[in-house]
Amino acid sequence: MTQLPLAFEIVSLVVLVVILAADLILAFKRPHVPSFKEATLWVVFYVALALVFAVLMLVFGDGEHAGQFLAGWLTEYSLSIDNLFVFVIIMSRFNVPRKYQQEALMVGIIIALVLRGIFILIGAQLIESLSWIFYIFGAFLLYTAFKQAFGKQDEGDGENAFVRLLRKRVNIAPDFDGAKVRTTFDGKRMFTPMLIVFLALGSTDLLFALDSIPAIFGITESPFIVFTANVFALMGLRQLYFLLGGLLEKLVYLHYGIAFILAFIGVKLVLHALHENQLPFLNGGEPITWVPDIDTWTSLAVIILSMTVATVASLIKMRRTPAAPSLHP
């Protein structure tokens, strides 16, 4: 596999930062609830943008790079559906006005991208210096897949330990003041609940990264592809939130599709670790060459098929089941 040109990587990162900045400014300049048509057009735009980026990767790199990006992006996008369900809970828990949910989501996503970037760099360094980390990543993904498929789906109350600690340490005003994080209440300068919402969204997404980052490192070892796949998956998340709305809790089989993807990548990581083995107590520290190494295109096919089957099965189930009240605020 050839190396991607450094100029391509730099220009790509600059363009993505510009797009994110424009999206953030737009969200704050025009606080509103997007219509179904607007949300759909934005989702289509970001999906098309990701596909164009994959084509550019094919042109400036090769098919392997493009395939790794597509598989990584689809993995992150499918795992982000779980994030959306929790985002719905957070918005409901803090009674965020619908008009200002775009800003809350956008800032939460920016926080998540910064934290994920740090996490990706750490993961890349671990992989480079400790090849056996693939065993750990693989075992963790298999455990996560089991929990996702058979564990109790705990919705929680929208607050994690970090947010609860912040509540105890910081004075928070009782009401929102638009999308502001600081306001004056009873003559005192205080933080608004929006600060809690921003940090709840960002820190919750970081927890999801504990699953998704090892999963995408099972597809590619390129930090650039890992990061850009995360950016493209998270960029359309805000619009997807408004597009899917109350449909999320009705996709009852989606978590099985996600669990299967995690389990598949977990197995792939373990097989890859065996194929590149350096542990002295396994095969005398020599690679186990007869172990199959699953290629990128097989991974891509499994990811697409898993999400398609889970979504279609959920939609069939939804049509046969009476409508339930939506969690969406």
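Remember, predicted model here, so these are calculated numbers, not experimental data.
Counting heavy atoms from C-beta on, the side chains of K268 and T298 never come closer than 4.5 Å. Taking the side chain as every heavy atom from C-beta outward, V59 and F8 never approach each other to under 4.5 Å. Under the 4.5 Å side-chain criterion, counting only non-hydrogen atoms from C-beta, F264 is in contact with I294. A 4.5 Å side-chain heavy-atom check between L41 and K37 finds at least one atom pair inside the cut-off. Side-chain contact between F227 and R116: absent, with no pair of heavy atoms (C-beta onward) separated by less than 4.5 Å.
Summarising the geometry, atom CZ belonging to F60 is positioned 10.5 Å from atom CZ belonging to F53; distances are rounded to the nearest 0.5 Å. D295 CG to I219 CD1: the interatomic distance, rounded to the nearest 0.5 Å, is 12.0 Å. One finds the CD1 atom of I316 at 6.5 Å from the CZ atom of R320 (value rounded to the nearest 0.5 Å). A distance of 12.0 Å separates CG of L269 from CZ of F140, quoted to the nearest 0.5 Å. Taken to the nearest 0.5 Å, the OH atom of Y253 stands 12.5 Å off from the CE atom of M318. Interatomic distance, CZ of F260 versus NE2 of H255, reported as 14.5 Å (0.5 Å rounding).
For F69 and F224, the ring centers are positioned 6.0 Å apart or more.
Here the shortest heavy-atom pairing between P292 and L271 reads O-CB, 3.5 Å. Nearest approach of L142 to A263, heavy atoms of both residues: CD2-O, 3.5 Å. Heavy atoms only, all atoms of each residue included: A54 and A66 are closest at O-CB, 3.5 Å. G61 and H65 make their closest contact through CA-ND1, 4.2 Å (heavy atoms, listed as atom of the first residue, atom of the second, distance). For the pair M235 and Y46, the tightest heavy-atom approach, listed with the atom from each and the gap, is O-CE1, 3.6 Å. Considering every non-hydrogen atom in both A229 and I216, the closest pair reads CB-CD1, 3.4 Å.
Transitive grouping of hydrophobic side chains (ILVMFWY, heavy atoms separated by less than 4.5 Å) brings I122 and L113 into a common cluster. Clustering ILVMFWY residues whenever any of their side-chain heavy atoms sit less than 4.5 angstrom apart, transitively, puts I136 in the very cluster that holds I288. Cluster membership check: V114 does not share its hydrophobic cluster with L20, using side-chain heavy-atom separations under 4.5 Å among Ile, Leu, Val, Met, Phe, Trp and Tyr. By the rule that hydrophobic residues join a cluster once side-chain heavy atoms approach within less than 4.5 Å of another member, V18 and W42 end up as members of separate clusters. M57 and V11 fall within a single hydrophobic cluster, where Ile, Leu, Val, Met, Phe, Trp and Tyr side chains are chained together by heavy-atom contacts under 4.5 Å.
With a 6.0 Å radius and a threshold of 12 heavy atoms from other residues, nucleotides or ligands, F45 has its CZ atom above the threshold.
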Check the pair I120 / F217 against side-chain contact (heavy atoms from CB on, under 4.5 Å), numbers first and verdict last. CA-CA 9 Å; I120 288 165; F217 268 121; 4.2 Å; yes
side-chain contact (heavy atoms from CB on, under 4.5 Å), that's the test. Do I261 and V302 meet it? Break it down for me. CA-CA 7 Å; I261 291 171; V302 169; 5.6 Å; no
Is there a side-chain contact (heavy atoms from CB on, under 4.5 Å) between M307 and I258? Walk through the geometry before answering. CA-CA 7 Å; M307 291 310 296; I258 293 170; 4.3 Å; yes
What verdict does the side-chain contact (heavy atoms from CB on, under 4.5 Å) test give for L282 and L274, after you've listed the backbone C-alpha separation in whole Å, the side-chain angles of each residue and the deciding distance to 0.1 Å? CA-CA 9 Å; L282 278 180; L274 290 169; 4.2 Å; yes
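Of the possible donor and acceptor atoms, none in the side chain of E76 sits under 3.5 Å from a partner among the backbone N and O of L234. Between the side chain of T311 and the backbone N or O of T308, no donor-acceptor pair lies under 3.5 Å.
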Show the atom names and distances, to 0.1 Å, of all donor-acceptor pairs under 3.5 Å that link a side chain in residues 192-200 to residues at least two apart or in another chain.
residue: T192; atom: OG1; partner: K180; partner atom: O; Å: 2.5
residue: T192; atom: OG1; partner: M194; partner atom: N; Å: 3.2

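Through side-chain heavy atoms spaced under 4.5 Å, either directly or across other Ile, Leu, Val, Met, Phe, Trp or Tyr residues, L305 is tied to V309.
Residue L70 forms a side-chain contact (heavy atoms from CB on, under 4.5 Å) with just one option from I303, T75, L300, I225, and that option is L300.
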